[in-house]
Undergrad: 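If you scroll down you'll find the structure; I have some questions about it.
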Amino acid sequence: MTGKSALITGVTGQDGAYLSQLLLGKGYRVHGLLARRSTDTLWRLRELGIERDVNLIDGDLNDLSSLIRAMEVSRADEVYNLGAQSFVGTSWQQPIVTAQIDGVGALNVLEAVRIVNAKAHFYQASTSEMFGLIQAEKQSETTPFYPRSPYGVAKLMAHWATVNYRESFGMHASSGILFNHESPLRGIEFVTRKVTDAVARIKRGKQSELRLGNIDAKRDWGFAGDYVEAMWLMTQQQVGGDFVVATGTTTTVRRMCEIAFEHVGLKVEDYLVIDPEFYRPAEVDVLLGDPAKANTVLGWTPKTSLEQLIGMMVDADLRRQS
Ligand code: NAP
Ligand code: F7E
């Protein structure tokens, strides 16, 4: 047991919940930044049975004073900046708020760490969206970036701010360039969960069709529970660094849908409707990560296949719809 203290922004999100569970299991005191909302955002922590084990500290990524206070209250040895407006589609409707939360917000966390405890180890939730219009067939830490959404642009700022604080101030700052990762705790707006929720509703007779946009897009999908392990491994290294975290396999949205429908003995073509409403102004056609550095330096490998992942998600949604 470590006896260490961790501060997680975005603690109410998918990754925040799994990372909290992982760190609690390792004996950390886990503090989570809680942005004030009018609705209940603690359902994921509740589903994992850890709602009472995480110390929630009020704060917002756009309020530097609240981040400084969170650093002081938590006395964090490790800081994981997972908070974000993370839905790519929304980033065209709200580009400025996305830039403020995902770009400037990350800079605010870096500043709070630098001011209160520059020795704390920092993790930034970077993303394969930064590769966008891909410049190499398999994307690694050395592949040039070409973001295709306001979300990707904002995240690129945060990525370079992380690199810059490492180089400017000698901070232990890591950027985890994570490819798509999903789970039963995934937000309903993302395509995997939209599909598994629809499959469960269709199976239960509560829905008759599934409307999607570009089903030819390809993604490198993994399980969030596996990916938070890589985040932790980064903060345990001698020095901070940049790491691609991916499975090394890419699959079309169409095939992912087939897997989900087949899991309950249905055929996707009987229910799927293509709806231009879900197309994006600029698409990331294909993502395929090269996790070789994470494999060799961190000793990290993904443990969950796409079939296992989608099966787990469909089963969870069937239980929710029963
Ligand atoms: P998520 O489920 O959308 O969670 C985002 C979290 O950020 C939520 O806890 C949300 O709080 C919080 N948040 C939003 N605005 C905030 C603000 N102004 N101040 C403080 N907190 C704020 O995202 P996720 O899937 O867990 O992803 C975690 C991180 O990894 C994100 O930064 C995402 O961009 C990045 N990422 C995700 C993937 C992926 O495939 N999942 C891949 C690469 C990178 P509320 O619950 O109150 O809204
Ligand atoms: O879309 C296509 C869509 O919204 C995946 C975030 O976690 O991963 C995520 O971003 C693909 C895209 O994820 C629908 O056009 C088709 O090509 O599940 P998504 P994303 O945009 O890849 C990255 C790594 C992040 O960092 C982000 O935070 O699926 N697609 N039809 C659709 N997508 C959605 N959401 N809904 C549809 O109806």
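Order of listing sets the numbers, starting from 1, for every ligand and every atom in it.
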Undergrad: Check whether any N or O atom of K194, backbone or side chain, sits under 3.5 Å from an N or O atom of ligand 2, and answer yes or no.
TA: yes
Undergrad: Tell me which protein heavy atom sits closest to atom 2 (C) of ligand 2, plus the residue, atom name and distance to 0.1 Å.
TA: N214 O, 3.8 Å
Undergrad: Check D270 with K267, please: is the shortest side-chain N to carboxylate O separation under 4.0 Å?
TA: no
Undergrad: Does the ring of F145 carry K155 above it, NZ/CZ under 6.0 angstrom from centre and within 45° of its axis?
TA: no
Undergrad: Taking only heavy atoms of R37, which atoms of ligand 1 are found under 4.0 Å from at least one of them?
TA: 11 (O), 13 (N), 14 (C), 15 (N), 16 (C), 22 (C), 45 (P), 47 (O), 48 (O)
Undergrad: What atoms of ligand 1 come closer than 4.0 angstrom to any heavy atom of T41?
TA: 46 (O), 47 (O)
Undergrad: So for S128, does at least one of its heavy atoms come nearer than 4.0 angstrom to any atom of ligand 2?
TA: yes
Undergrad: Going by the atom numbers of ligand 2, which of them fall below 4.0 Å from some non-hydrogen atom of F278?
TA: 38 (O)
Undergrad: Taking S91 for the side chain and Y151 for the main chain, is one N or O donor matched with an acceptor at less than 3.5 Å?
TA: yes
Undergrad: N180 versus D220: any side-chain heavy-atom pair under 4.5 Å?
TA: no
Undergrad: Ignoring hydrogens and geometry, is there a side-chain-to-backbone donor-acceptor pair from S66 to D60 under 3.5 Å?
TA: yes
Undergrad: Considering only non-hydrogen protein atoms, determine which one is nearest to atom 21 (O) of ligand 2 and report residue, atom name and distance to 0.1 Å.
TA: R280 NH1, 2.6 Å
Undergrad: Might you confirm whether atom CD of E137 has over 12 heavy atoms from other residues, nucleotides or ligands at distances under 6.0 Å?
TA: no
Undergrad: Run R166 and D242 through salt bridge (charged side-chain N to carboxylate O under 4.0 Å, His left out) and show every step you take.
TA: CA-CA 11 Å; R166 185 167 71 218; D242 307 328; 3.1 Å; yes
Undergrad: For atom 7 (O) of ligand 2, what is the nearest protein heavy atom, given as residue, atom name and distance?
TA: R186 NH2, 2.8 Å
Undergrad: Using a heavy-atom cut-off of under 4.0 Å, does the side chain or the backbone of F87 touch ligand 1, or both, or neither?
TA: neither
Undergrad: Can you name the atoms of ligand 1, numbered from 1 with element, that are less than 4.0 Å from a heavy atom of T127?
TA: 43 (C), 44 (C)
Undergrad: Please could you name the atoms of ligand 2 that E283 approaches to less than 4.0 Å, counting only its heavy atoms?
TA: 3 (C), 12 (C), 15 (O), 17 (O)
Undergrad: If you take all heavy atoms of S20 and V30, which pair is closest and at what distance?
TA: OG-CG1, 3.9 Å
Undergrad: What protein heavy atom is closest to atom 35 (N) of ligand 2, reported as residue, atom name and distance in Å?
TA: E189 O, 2.9 Å
Undergrad: Indicate whether the side chain of Y28 and that of E78 have a donor and an acceptor atom separated by less than 3.5 Å.
TA: yes
Undergrad: Do Y151 and ligand 2 have an N or O pair less than 3.5 Å apart?
TA: yes
Undergrad: How does S86 reach ligand 2, if at all, at less than 4.0 Å between non-hydrogen atoms: by side chain, backbone, both, or neither?
TA: both
Undergrad: Specify side chain, backbone, both or neither for M130, according to which of its non-hydrogen atoms lie closer than 4.0 Å to ligand 2.
TA: neither
Undergrad: Work out whether the distance between some heavy atom of Q14 and some atom of ligand 2 is less than 4.0 Å.
TA: no
Undergrad: Pick, from R186, Q100, R44, the option with the minimum heavy-atom distance to atom 41 (N) of ligand 1.
TA: R186
Undergrad: With the threshold set at 4.0 Å, does a side-chain nitrogen-carboxylate oxygen contact exist between R254 and D216?
TA: yes
Undergrad: Just jot down the ligand 1 atoms closer than 4.0 angstrom to any heavy atom of D15, in number order.
TA: 26 (O), 27 (O), 28 (C), 30 (O)
Undergrad: Please check whether G213 reaches ligand 2 - meaning an N/O of the residue sits under 3.5 Å from an N/O of the ligand, judged on distance alone.
TA: yes
Undergrad: Quick one: does N180 get a heavy atom under 4.0 Å from ligand 2?
TA: yes
Undergrad: Counting only heavy atoms closer than 4.0 Å, does ligand 2 sit against the backbone of V191, its side chain, both, or neither?
TA: both
Undergrad: Give the atoms of ligand 1, by number and element, whose distance to some non-hydrogen atom of D60 is under 4.0 Å.
TA: 17 (C), 18 (N), 19 (N)
Undergrad: Heavy-atom pairs closer than 4.0 Å: do any link ligand 2 to the side chain of V88, the backbone, both, or neither?
TA: side chain
Undergrad: If you measure from each non-hydrogen atom of K155 to ligand 1, which part falls under 4.0 Å: side chain, backbone, both or neither?
TA: side chain
Undergrad: Below the 3.5 angstrom mark, is there an N/O of L61, backbone or side chain, next to an N/O of ligand 1?
TA: yes
Undergrad: Any atoms of ligand 1 less than 4.0 Å from a non-hydrogen atom of S86? List them with their elements.
TA: 1 (P), 3 (O), 23 (O), 33 (C), 34 (O)
Undergrad: To the nearest 0.1 Å, how far is atom 4 (O) of ligand 1 from its closest protein heavy atom, and which atom is that?
TA: G13 CA, 3.3 Å
Undergrad: Strictly below 4.0 Å, N to O, side chains only: are R319 and D315 in salt-bridge contact?
TA: no
Undergrad: Tell me whether I101 has any N or O atom under 3.5 angstrom from an N or O of ligand 1.
TA: no
Undergrad: When you measure from the centre of the six-membered ring of F190, is the NZ or CZ of R193 closer than 6.0 Å and no more than 45° off the axis?
TA: no
Undergrad: Under a plain distance cut-off of 3.5 Å, with no hydrogens placed, do T301 and N295 share a side-chain donor-acceptor pair?
TA: no
Undergrad: Does L133 offer a backbone N or O that forms a donor-acceptor pair with the side chain of Q135 under 3.5 Å?
TA: yes
Undergrad: I'd like to know if the side chain of D102 reaches the main chain of A154, judged simply by a donor and an acceptor atom lying under 3.5 Å from each other, with no hydrogens or angles considered.
TA: no
Undergrad: For the residue pair E111 and Y165, confirm or rule out a side-chain donor-acceptor distance under 3.5 Å.
TA: yes
Undergrad: May I ask which of L178, N180, T12 has a heavy atom nearer to atom 9 (O) of ligand 1 than the others do?
TA: T12
